[in-house]
Amino acid sequence: MSNTPRGLPLRSSRVEHIFPKLTPAQISRIAAHGHTRAVRSGEVLVEQGDSATPFFVVVSGEIEIVRPSGAAETLITIHGPGEFTGEVNMLSGRRTLVRLRATKQGEVIELDRQKMMALIQTDAELGEILTRAFILRRVELVAAGVGDIILIGSIYSASTLRIKEFLMRNGHPYSYIDLEHDQDVQKLLDSFQISASEIPVLICRGQVVLRNPSNQQIADCLGFNESVDQTKVRDLVVIGGGPSGLAAAVYGASEGLDVLVLEATSPGGQAGSSSKIENYLGFPTGISGQELAVSAYIQAQKFGAEFLIAKATQLICGLKPYVIEVENGVRISARTVVIATGAQYRKLPLQDLPRFEGAGVYYGATFVEAQLCGREEEVIVVGGGNSAGQAAVFLAQRTKLVHILVRSSSLTESMSRYLIRRIQESPNITLWTHTEIVALDGVDYLESVRWQNNRTGQTEEYKIRHVFVMTGATPNTSWLDGCVALDSKGFIKTGPDLSEENLSVSRWPLARQPHLLETSLPGVFAVGDARGGSIKRVASAVGEGSTAISLIHNVLQE
């Protein structure tokens, strides 16, 4: 274990993995990929906000890692001989969150990002050491809220919740100040000439002030897309970063394809909003959807896949290579395409629903939403599937009482048995069958809910401020605009489900029939929840994503 002094209190006891000390043999192998250079005391090697950040191994001397905030600095750590710099941004190519400065005269080994990535991909031992350290360092930064941005918001603001979710699911650390609870927030607002009515506000690197920014504006401010060449013709463009899309990215990139993933908000899809997945193979104690998504996201980047935070708005199917247009007007070209846009939960048919979305009505049950619920509060979960069951069990550990509302007579037809048993044995979960919400009420945020028994007509009203909706699924396919054949519910038809009429309308040009996951357009595949007939399980989504890659190799050889 390293004896180097640390500045940031660590949650993890695995200091030897977060700050490992390399052996002389390992340092020698790294040196073969880079060059040795001298550094002088006080020299800034990397400034916060820099892109294309170099990777350094300390041979002699010291490098301190600090988070600048105006004239002040927060010490994160000091790297001594045998230690190395970097965290997850080394894999993604995004801007650095910190400042690197030599505190003593010494010598370092320097590698540019491309050579560092090549080292990770070719040297198994060093790849494991570096990747694990990068991931754990980011985990600590997120936990400590040590990043390059400050979010000022309110627990009653839907936009604040949206921004929190966007940052959390992209694994970006930030400091949060709540207008309702922080007594010193007015001083900060005054210093940036911000009024309370402009909340939420994001302050980037102490310089740029964004008032109620969109997700795309946040991505632009943080430089999420800067390192991505949007003009290249890719072997494969994956549209959607849920489990199936991430699996396609991992397998495609690991097998040598030039892969770009388009994701509208953040990796994970619906699975990313799940508090805990307990029936996924290889995780006997369960894993949160967020943890699974982040791991797959980093794994794809390790193999060279790139990610663009952008919403696909149109597939221009009359061109070859295919062209995907995104919301900012940029066009991305691809020889093959995997559509993995997933599905979204159906919304409750209530007139006032939009007023309370994000301010009492939520479509995910993660740590971010759970923080809004008090220990002595009651909450509602609407839905009878596994996602609803996982949410109920998770929220029961953090609230006084969870009400599960389902329209049917039981959970047995739509929920796994292990979840049903856990719900039955939980003293603070109550199941209401044949029950639907008929009204929401409140002023600035949800204050009460009225539900009705759909058999007896009896209604009841409760002072409940939090409703988690996880009912059914509507495919995210409207943007395809007739490019590929869809079924009557809007799901994408593939392989043997495509009729001769479908192929005739689409003018299928090949002598062969479509491959298993191929749509009515040659070389365009659909996987996961957006595909008709898919099994709504994480494991099957991952399987489809990986299977599509083997078929794509065949298409690229045609």
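Model, not experiment: these values are computed from the prediction. Numbers here are sequence positions counted from 1.
In terms of the salt bridge (Lys or Arg N to Asp or Glu O under 4.0 Å) criterion, Arg450 has no residue partners (sequence neighbours excluded). Residues that satisfy the side-chain hydrogen bond (donor to acceptor under 3.5 Å, both in side chains) test with Thr336, not counting sequence neighbours, are absent from this structure. Judged as a disulfide (SG to SG under 2.5 Å), and not counting sequence neighbours, Cys373 has no contacts. For Tyr462, the side-chain hydrogen bond (donor to acceptor under 3.5 Å, both in side chains) partners two or more places apart in sequence, or in a different chain, are Glu460.
For Gln424, the CD atom counts as densely surrounded, since its 6.0 Å shell holds more than 12 non-hydrogen atoms of other residues, nucleotides or ligands. Atom CD1 of Ile316 has more than 12 neighbouring heavy atoms from other residues, nucleotides or ligands inside a 6.0 Å radius. Within a 6.0 Å radius of CG in Leu281, no more than 12 heavy atoms belonging to other residues, nucleotides or ligands are found.
The shortest distance between side-chain heavy atoms of Lys311 and Asn328 does not fall below 4.5 Å. With contacts defined as side-chain heavy-atom distances shorter than 4.5 Å, the pair Val467/Val469 qualifies. By the 4.5 Å heavy-atom criterion applied to side chains, Val438 and Trp451 are not counted as neighbours. Residues Leu516 and Thr494 are not in side-chain contact: their nearest non-hydrogen atoms beyond the backbone lie 4.5 Å or more apart. By the 4.5 Å heavy-atom criterion applied to side chains, Ile332 and Gln230 are counted as neighbours.
In this structure, the side chain of Thr477 engages the main chain of Gly490 through a donor-acceptor pair within 3.5 Å. Side-chain atoms of Thr435 never come within 3.5 Å of backbone atoms of Asn453 as a donor-acceptor pair (strictly under, hydrogens ignored).
The shortest heavy-atom contact between Thr160 and Gly153 is OG1-CA, 3.4 Å. Contact detail for Val538 and Ile277: the closest heavy-atom pair is CG2-CD1, 3.9 Å. Residues Cys204 and Leu210 share a closest heavy-atom pair of SG-CD1, 4.2 Å. Taking each heavy atom of Ala249 and Val259 in turn, the nearest pair found is CA-CG1, 4.1 Å.
In summary, the aromatic rings of Phe307 and Tyr297 are positioned with their centroids under 6.0 Å apart.
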Run the salt bridge (charged side-chain N to carboxylate O under 4.0 Å, His left out) test on Arg95 and Glu226 for me, step by step, so that the C-alpha distance in whole Å, both residues' side-chain angles and the decisive distance to 0.1 Å come before the verdict.
CA-CA 9 Å; Arg95 297 178 189 168; Glu226 283 181 348; 2.3 Å; yes
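Taking the six-membered ring where the residue is Trp, Trp432 and His403 present tilted rings, their angle falling between 30° and 60°.
With 3.5 Å as the limit, one finds no donor-acceptor pair spanning the side chains of Glu544 and Thr547.
For the pair Glu278 and Arg422, the salt-bridge criterion is met [side-chain N within less than 4.0 Å of a carboxylate O]. We find that Lys400 and Glu377 are not joined by a salt bridge, their nearest charged nitrogen and carboxylate oxygen being 4.0 Å or further apart.
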Please output the side-chain donor-acceptor pairs of residues 339-348 that fall under 3.5 Å, not counting sequence neighbours, one pair per line with the distance.
{"unit_1": "Thr341", "atom_1": "OG1", "unit_2": "Asn476", "atom_2": "O", "d": "2.8"}
{"unit_1": "Gln344", "atom_1": "NE2", "unit_2": "Asn476", "atom_2": "OD1", "d": "3.4"}
{"unit_1": "Tyr345", "atom_1": "OH", "unit_2": "Ser387", "atom_2": "OG", "d": "3.0"}
{"unit_1": "Lys347", "atom_1": "NZ", "unit_2": "Glu357", "atom_2": "OE2", "d": "3.2"}

Donor-acceptor list for residues 236-248 side chains, cut-off 3.5 Å, not counting sequence neighbours:
none

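Judged by the 6.0 Å and 45° rule, Lys164 forms a cation-pi pair with Tyr176.
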